[in-house]
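Data block below; observations after.
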Amino acid sequence: MEKGKQAEGLDQDYRIELRGRIDERWSGWFEDVTVRRVRVVENVTLTRLAVSNADQATLRGILTRIWDLNMDLISVLPVEGEGARRVRP
């Protein structure tokens, strides 16, 4: 991330990985989030979320929804360059 980018209030793209699968009925609960295909690694199902142009408040709201769904958070990574929507699982 560029130095001072967060302080300037610019938004960031993120890639979030969760343990488990988000059912289609819940994907609408995540506004401005793309639910990527699910993959299985060593018998563990992972779901990847792509978040574009999120400020800290938006990211916090998404993480709160993940908490509300009682899903296990694996990682939250900032994505540089091409943007979160183009990140492949």
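Position 1 is the first residue of the sequence; numbering continues from there.
Here the side chains of L73 and L18 are in contact, with some heavy-atom distance below 4.5 Å. A heavy-atom distance below 4.5 Å is found between the side chains of L49 and I66.
Taking V40 as the reference, T45 meet the side-chain contact (heavy atoms from CB on, under 4.5 Å) condition, with sequence neighbours excluded. R19 is linked by a salt bridge (Lys or Arg N to Asp or Glu O under 4.0 Å) to D72, counting only residues two or more places apart in sequence or in another chain.
The distance from the CE atom of M71 to the CZ atom of R21 is 10.0 Å, given to the nearest 0.5 Å. Taking CD of Q56 as the reference point, atom CG of L63 lies at 9.5 Å (rounded to 0.5 Å).
The hydrophobic cluster containing L77 does not contain I62, counting ILVMFWY residues as joined when their side-chain heavy atoms lie under 4.5 angstrom apart, directly or transitively. Linking Ile, Leu, Val, Met, Phe, Trp and Tyr whenever their side-chain heavy atoms come within less than 4.5 Å puts V76 and L69 in one cluster.
What you find for D13 and N53 is that their closest heavy atoms are OD1-N, 2.8 Å. Smallest separation of non-hydrogen atoms from T47 and G20: OG1-O, 2.6 Å. The nearest pair of heavy atoms linking L59 to Y14 is CD2-CZ, 3.7 Å.
For residues 56-69, no pair satisfies salt bridge (charged side-chain N to carboxylate O under 4.0 Å, His left out), with sequence neighbours left out.
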